[in-house]
Amino acid sequence: MKKSLKAIIQTLIMIAAVFTLTTGFSNPASAADTSLQRVKQRGELIMVTSPDYPPYEFQVNKNGKDKIVGMDIDVAKKVAKDLHVKLVIKSMNFDSLLVAIQTGKADMAIGGINPTAARRQSVDFSKIYYSGGQSFLINSSDVNKYKSAKNLRGATIGAQTGTLQYGLAKKKIPNSTVKGMDKSTDLVLALKTHKIDALGIEKPSAEAYVKNDPSLKMISSGYHLNKNEIGAAIAFKKGSGSLVAAVNKSIDQIKKQNLTEQYLADAGKYMKVNTVNTSMFHYWKYFAKGVEYTILISIVSTFFGVLIGVILALMRFSKQKWLRGLAISYTEFIRGTPLMVQVLFVYFGIGVVVNIPALISGMIAVSLNSGAYVAEIIRGGINSVAKGQTEAAASLGLSKGDLMRFVILPQAFKNIWPALGNEFISLIKESSIVSIIGVTDLIYQLNIVRADTYRGVMPIFVAMLLYFIMTFALTRVLNHFEGKMKHAG
């Protein structure tokens with residue numbers, strides 16, 4: 001048994017090694033550097049960012065159109081202009097930015113990224129284009145309690161997951177409890193509702209929040225840091241020396257002409273505009289777009305989920321052992337892994353070989369996930385059909401295919417309709433996970449509105465209401481068809 005297990009492990013290691021070599025992960029630096037050439041030939045510079053970090057990058061609505069603005073965006077535009085290519089911006093969570101460039105989803109990542117020694121082991125960095133420093137946000141009511149960072153000993157500190165601020169708080173604030181979240185908007189809400197005592201954040205972002213929200217105050221971090229821990233740089237895939245060199249020329253011009261000050265001033269203008277009308281009705285287009293994508297993902301995933309589920313269920317009843325084994329293995333594996341991990345694997349993992357857009361990746365992952373659950377529902381429905389039904393149909397000379405098609409499946413679907421309906425309803429809510437790869441569903445739009453208005457609770461309430469309306473409407477439709485089935489029976 002031990003020998004066979006050892007052989008299996010050795011085989012898996014060999015497969016992983018072959019995959020690593022074929023996908024270019026083994027030593028990307030050893031391959032010929034064509035990073036700049038690819039950008040020039042494509043005519044596009046693809047950049048990923050997390051637009052929830054004003055004034056570095058955030059999303060606004062100008063003249064009825066969504067637009068990502070901020071100092072970092074202006075830096076990227078300058079780089080693209082100097083390279084004589086078009087800038088293409090992709091949005092996703094901050095902790096996915098470096099993964100995106102490592103897997104070839106983008107040419108560069110920008111987002112107030114500090115070029116620390118640990119990160120330099122995984123990606124290449126440009127020169128530092130801006131040094132902002134580190135600060136803490138606190139509630140105005142706590143200014144006497146937390147006069148400086150020294151008073152934060154033993155406090156609960158929030159920081160964005162995957163950022164330098166998270167690591168610094170754990171390392172440099174004694175006896176503190178550090179809570180990480182994906183979005184800075186979530187952290188600001190947690191601060192304002194006293195779920196955390198302070199929020200570790202870069203100084204320009206802290207200043208932006210304080211200027212637009214009188215309930216917040218800023219205190220210095222008191223950290224003694226090197227230039228890589230207070231500076232922001234652009235990240236690239238390892239081995240992108242030619243592209244990095246070209247970008248550095250643009251950064252040299254930005255620093256020489258002190259353009260970042262102008263970029264920050266421009267970002268500030270957008271932020272002032274954002275606070276003029278923060279009513280939720282003013283942002284109805286954001287929510288409408290989110291509902292549109294949520295419904296689209298749910299419909300497509302439901303269709304393919306049922307299709308996959310039927311195939312898997314029929315495979316479970318096959319006389320071929322390998323078909324049954326394949327169906328069981330697939331179902332158990334999918335049900336045994338989180339949907340979020342599956343979404344990330346389809347987008348980043350499979351994306352190494354085939355570059356799949358974020359929306360399509362989300363649909364594929366949700367469909368594959370739903371198929372495993374639907375398969376078990378259908379299998380239960382087939383088992384619920386009385387044996388007398390199949391025996392009677394067989395006595396009439398029906399083939400196995402016709403028996404399944406005209407007798408068993410129709411009755412099975414009638415029996416499982418309530419359970420199947422619950423799966424469809426769950427799919428609307430579970431599809432919200434695709435926002436982590438930048439799909440503009442309702443959750444994604446919710447976070448944009450929160451970042452844009454500096455209001456934490458009301459956008460969440462609106463999203464909850466919209467999800468309820470969608471699921472309630474679907475429930476009524478499903479109940480209608482269930483009633484017709486019972487009447488027909």
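Keep in mind that what you see is a predicted model, and the values were worked out from it rather than measured.
Donor-acceptor pairing under 3.5 Å is lacking for the side chains of D72 and Y263. A side-chain donor from one of D52 and S50 sits under 3.5 Å from a side-chain acceptor of the other. With 3.5 Å as the limit, one finds no donor-acceptor pair spanning the side chains of S135 and E202. Side-chain contact annotation: D266 with Q262, donor-acceptor N/O pair under 3.5 Å present. A donor and an acceptor atom, one from each side chain of Q134 and Q165, are located under 3.5 Å apart.
In this structure, K192 pairs ionically with D213, as a charged nitrogen and a carboxylate oxygen lie closer than 4.0 Å. The residues K237 and D124 are annotated as not salt-bridged, no charged nitrogen and carboxylate oxygen being separated by less than 4.0 angstrom. Electrostatic pairing of R42 and D107 counts as a salt bridge here, judged by a charged N lying under 4.0 Å from a carboxylate O. A salt bridge links E376 with R379: the distance from a Lys NZ or Arg NE/NH1/NH2 to an Asp or Glu carboxylate oxygen falls below 4.0 Å.
With F348 as the aromatic partner, K105 does not meet the cation-pi criteria of under 6.0 angstrom to the ring centre and within 45 degrees of the ring axis.
With ring centers used as reference points, Y286 lies under 6.0 Å from Y283.
Nearest heavy-atom pair across Q253 and K78 is OE1-NZ, 2.8 Å.
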Start with the C-alpha gap between F333 and Y330, add the side-chain angles, then the distance that decides, and say whether ring-ring contact (aromatic ring centres under 6.0 Å, His included) holds.
CA-CA 5 Å; F333 181 78; Y330 176 88; 8.2 Å; no
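Under the 3.5 Å distance criterion, the side-chain polar atoms of T49 are left unmatched by any main-chain donor or acceptor of S91.
Annotation: side chain of L478 is not in contact with side chain of T475 (no heavy-atom distance under 4.5 Å).
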